[in-house]
Structure formats: C-alpha cells, structure tokens
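Worksheet: the structure to be examined is printed underneath.
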Amino acid sequence: LAHHPPFITMVQQNMPLSMEALNDISKANSARFARAGASLTFKDLGFAVPLSSGETKSILEPCSGHFEPGELVALMGPSGCGKSTLLDMLAMKKTSAYSGEVLVNGHTRDARSFPRIAVYVGQEDVMPEYWTVREPVKFNAALKTHGLKTKIEGEAPVDLLLAAFGLAGVADTYIGGSSVRGISGGQRRRVTLARGVAAQASMMFCDEPTSGLSATDAELCVKALRTIAKALNVLIVVVIHQPRLEVAQMFDQLVLLAANPGRMCYMGPMAQAVSYMESCGRPVPEHVNPTDYFLDIVTPGLRLDASEHFAAMFKQHLAPQILSKVERSLETKGLTIGAARRKAGTLRCALPQAVPAVVAPQVGHHLAESLGTCRDWFDVARGLRHLCGRHVHGLWPSAAVEADGLRLHLDHSARPRRHAVDAHLDRGAALHETRDFRGALQ
C-alpha cells in the first residue's frame, strides 16, 4: 500500500480513502482483497408476538424484497416500525420465531454457512480501552480469516481498512474510555464498522451506526461504508434514522416502513423516492430535507401522517414489481455460499502436471493425481492429510516438489506413524505447518 500515492496522501491528512483510490488499490490487488458477491432475497418475511390474551400483535407485516451485491441499503422508519426487527431477521440474529424465508443467491439460507459470509454490527461499541485502533481491526480479521492467508497478506488489508475509514492517522492511538484518554466518539464508531468489514464478509448489517454522532461524523461513516460496498462488492444494509440530504444521497436503495404495525411504504432506488412521493400526491416541499419529510408522512399521529395512503399505494404499485423481481431471483439461482467462497479463494496455487509424476513413485498414482488437482492451500492440506492417512505403514523417501513458489516436503520420520508436512515459500516464509498426524493416523 505504501506504493500507492492516494494512500499516502489520505494517511497524511487523516481522511477516509476515496472510492476512486480504493478502487485503484483493490484492482491492483484483486486476488488479495476479493469478496464473493452475494445477493439477498426475502419473501413474506414477517414477525408477530403473542399476547397474554391469546391473540398476537403484528410487529412487521409480511414483506418481500431483493438486494444485489455492492448495494448500500437504508432501512428507515419511525420508532416501532420494525426496521431493527427486519434487520435482525435478514442477518439471522432474531432468536424468536418469524414467518417467511431468506435466500442467498436464490438458495435457501443455510444456518451453518451464512455466518461465514455475513457480519452484524450492533449499536454498542464494546472494546478494551487500552487497545490501539489497529488492534481490534486486526483481531477481527484474524478471527475470520484462515491463519495461512493472514501470514501471506500481512497487515495490508488492515491498513487498507484503516485508510478507508479515515483511521490511518490514529492507528496507534488508544481506544480510550473512562480512565484512558483516546479517540473521539466518531472515530470509535468507525473502528466498530471497520471491525465488521475486517471479517471479509460478503454482507454487512449495521444497526444505527450513526446514532449519537454529529452530522459530519455520520457522513464520514456512511461515506466509508459506501466506499467499501462499491470497491469490494459488499452488500451493506443499514438502519438509519433521519440522515441529512448529503448522507441520504449516498445510499443506493431505500426501504421505508410505517409503524403500528410495521408495513412497507416504499422500496426502491433512493434517487427515485422523491418522484415516487410526488406521483402519490405528496410532493416534497421546497427547502425541506426529503428524509425528514418521508418520516413525517409515515409516522402515525403527526399532522402530515399519510401512512395508510402510502401503504395502500405500495401494495398497488410497487409490491407486484418487487414480487416479480423476487421470483426472477429464485429462478436464476447463483452459486451456493460454499461454491462462492471457493470461487473467491485468494490463494490459488495451481499445482502443475509435474506434481503427480514426481510424487507417484512414493504414494501411488491415484493419490498423486488427487494432490495434483488441488486448487488452493486448504485443498493441499486436506490432500496431504488424506495421503498420510492412507500410507501409515509405508515408507517413502523425502520428496520435494516446486511449483509457482510452493515447495512441499514429505518426510518420513523415525517413527512409522509420524510424518511432518511443511509447506512454505522459497523465500523461507512459513505458511502452513502440521507436525503431528499421529492422532489422525491412528
């Protein structure tokens, strides 16, 4: 990153990295910072709670929608409209039962694999006050990233995130707290968002990341999120409350909900929301923030309340279009979560055809061919484990295979049931090491 002039300039000014600069860096390092794009579809998603009388109270009426990778989506509405409930259901954080289904790339969301591509950023910033700004971002990246990948990439992804969120200039400053002086509240919130992005997920769900921040800090947060969404192809869904005009214009999609009960009033491009309100007979007055006006007309009890009108107009005009879009996404299924993650693997080693011929005399042609078809470091590790497990009683001499900077050493130790497998670059940097297969071999 030090070779990119935009990165140096932004660090010196302690300002967020622009989308153009981040695009240049990510294109030059596409294999290192790639994300597996994933679309999100929800159909008839609703939530209700049982009452003591035996009846149920609807919190969010069934709704449907579809979001594409790389979009920045705003969930807006008055208090009690169910926007946080909708976010929790989409992020698979809702523990109570709810109706409807959520799909990823047209496939039913899998409870085991979905957390690997999605990250949830709550409202609370919980971090040790003696941590520096760099440490929580690096910590989250290490938790969600394979150790081998972390060793190869180093801290380049962390530096990139710190620059994107305007934190490079305070990377070594304490987070701070009640007893330690540290960074500002706006910077602290940006650290929390950077921790979420550090997980290298394809989807990000943020619950009111701008609450309690000044207008300037809120704009910096949303600007950084938009930069990440566009440059790294990450779908980001944000619950936000009355953003100012400059912040609202950064969002691609708007989901507007009415309260009592939660109902859809608008779902579509943010740029077309004003014209849609005008077509419904409620134009936005001059010199008025459109987002303020949107909330005024969907909040029950206010003078401008028109929530019933807009809920009816949504069912009549927008709901059929959204349902057809949902159906198309179900028909044109994309990759599953597992396939998408494998496709976006960043450590393709592409072992050459010479590998089977070199290893075959020692381990047999069948297993040698399997090892030669490995696509990445994780497949190599699995192949070597399987290889050692099948030949617990055999002896083979040391063999070295060099391919694209990869050298595999298969050494037989003094004990017949213990083998050491080391994979490292020719430069000598250790990448992956598994020293004892004794338990697996038994």
Side-chain angles (χ1 to χ4, degrees), residues 35-47 59-60 63-77 81-94 98 100-106 109 114-123 165 189-190 192-211 218 221-243 247-257 262 264-271 273 291 294 322 325-326 329 334 337 340:
R35 296 290 193 276
S39 65
L40 185 67
T41 306
F42 56 100
K43 185 176 181 181
D44 298 329
L45 206 60
F47 180 69
I59 304 299
L60 180 65
C63 56
S64 304
H66 176 79
F67 303 133
E68 289 290 338
E71 288 186 338
L72 182 61
V73 183
L75 296 183
M76 289 179 53
C81 68
K83 54 184 182 293
S84 294
T85 299
L86 178 59
L87 184 79
D88 290 344
M89 291 189 293
L90 294 177
M92 208 175 70
K93 292 295 182 181
K94 197 68 176 175
Y98 54 87
E101 59 179 339
V102 180
L103 306 102
V104 178
N105 287 339
R109 181 178 61 184
F114 185 74
R116 298 182 180 180
I117 67 162
V119 63
Y120 181 88
V121 179
Q123 297 185 35
F165 283 93
R189 186 61 54 87
R190 277 181 273 158
T192 301
L193 294 175
R195 293 180 66 184
V197 180
Q200 300 196 8
S202 301
M203 298 180 186
M204 187 173 176
F205 303 92
C206 306
D207 190 8
E208 299 192 22
T210 61
S211 295
C221 285
V222 177
K223 182 179 180 180
L225 289 176
R226 178 174 177 81
T227 300
I228 294 296
K230 298 304 178 183
L232 301 182
N233 200 31
V234 179
L235 169 61
I236 303 180
V237 184
V238 179
V239 171
I240 193 167
H241 189 69
Q242 282 185 280
V247 175
Q249 290 175 342
M250 296 183 190
F251 289 93
D252 300 305
Q253 300 289 325
L254 170 64
V255 177
L256 185 62
L257 300 174
M264 286 278 189
C265 288
Y266 177 77
M267 176 183 283
M270 176 68 81
T291 56
F294 295 162
I322 295 173
K325 190 176 182 179
V326 169
S329 68
I337 294 178

Which residues pass the side chain to side chain contact (heavy atoms under 4.5 Å, CB included) test with [X], not counting sequence neighbours?
X      : result
Thr192 : Val121, Asp125, Met127
Gln242 : Asp292, Leu295
Ser84  : Asp207, Val239
Pro269 : Gln253, Tyr266, Gln272

Could you tell me if the side chain of [Y] sits less than 4.5 Å from the side chain of [X], heavy atoms only?
X      : Y      : result
Pro115 : Met92  : yes
Val222 : Val238 : no
Val104 : Ile117 : yes
Val73  : Leu235 : yes
Met203 : Leu90  : no
Met76  : Ile240 : yes
Val197 : Ile236 : no
Leu254 : Phe294 : yes

Check your understanding: If you look only at pairs with a residue in residues 36-47, which of them pass as a salt bridge (charged side-chain N to carboxylate O under 4.0 Å, His left out), with sequence neighbours excluded?
Key -> Lys43-Glu327
Write down the atom of [X], the atom of [Y], and the distance for their closest heavy-atom approach.
X      : Y      : result
Pro209 : Leu193 : CB-CD2, 3.9 Å
Ala229 : Glu71  : CB-O, 4.4 Å
Ser64  : Ile322 : O-CG2, 3.4 Å
Ala38  : Ser202 : CB-CB, 4.2 Å
Thr210 : Cys221 : CG2-CB, 4.5 Å
Val255 : Leu75  : CB-CD2, 3.4 Å

Exercise for review: Going by the side chain to side chain donor-acceptor pair (under 3.5 Å) test, name the single residue among Lys325, His66, Arg109 that passes it with Thr41.
Suggested key: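 That would be His66; it is the only one of Lys325, His66, Arg109 passing the side chain to side chain donor-acceptor pair (under 3.5 Å) with Thr41.
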Point to revise | Partner residues of Asp252 under the salt bridge (Lys or Arg N to Asp or Glu O under 4.0 Å) criterion, sequence neighbours left out | key: Arg226, Lys230
Partners of [X] by side chain to side chain donor-acceptor pair (under 3.5 Å), sequence neighbours excluded?
X      : result
Thr291 : Asn289
Gln249 : none
Thr85  : none

Review point. For the side-chain contact (heavy atoms from CB on, under 4.5 Å) test, which of Met264, Lys83, Met89 pairs with Leu60?
Key: Met89
Revision key, fill the gap. Rounded to the nearest 0.5 Å, the CG atom of Asp88 sits from the OH atom of Tyr98 at a distance of 9.5 Å
Check your understanding: Regarding Lys94 and the six-membered ring of Phe47, is the cationic atom NZ or CZ under 6.0 Å from the ring centre and inside 45° of its axis?
Key -> yes
Exercise for review: With Arg190 as the cation and Phe165 as the aromatic partner, state whether NZ or CZ is under 6.0 Å from the six-membered ring centre and within 45° of the axis.
Suggested key: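 So Arg190 doesn't make the cation-pi contact.
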Point to revise | ring-ring contact (aromatic ring centres under 6.0 Å, His included) against Tyr120, all qualifying residues, sequence neighbours excluded | key: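 Expected list: none.
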Exercise for review: Only counting residues at least two apart or in another chain, list the ones meeting ring-ring contact (aromatic ring centres under 6.0 Å, His included) with Phe67.
Suggested key: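 Phe67 satisfies ring-ring contact (aromatic ring centres under 6.0 Å, His included) with Phe42 only.
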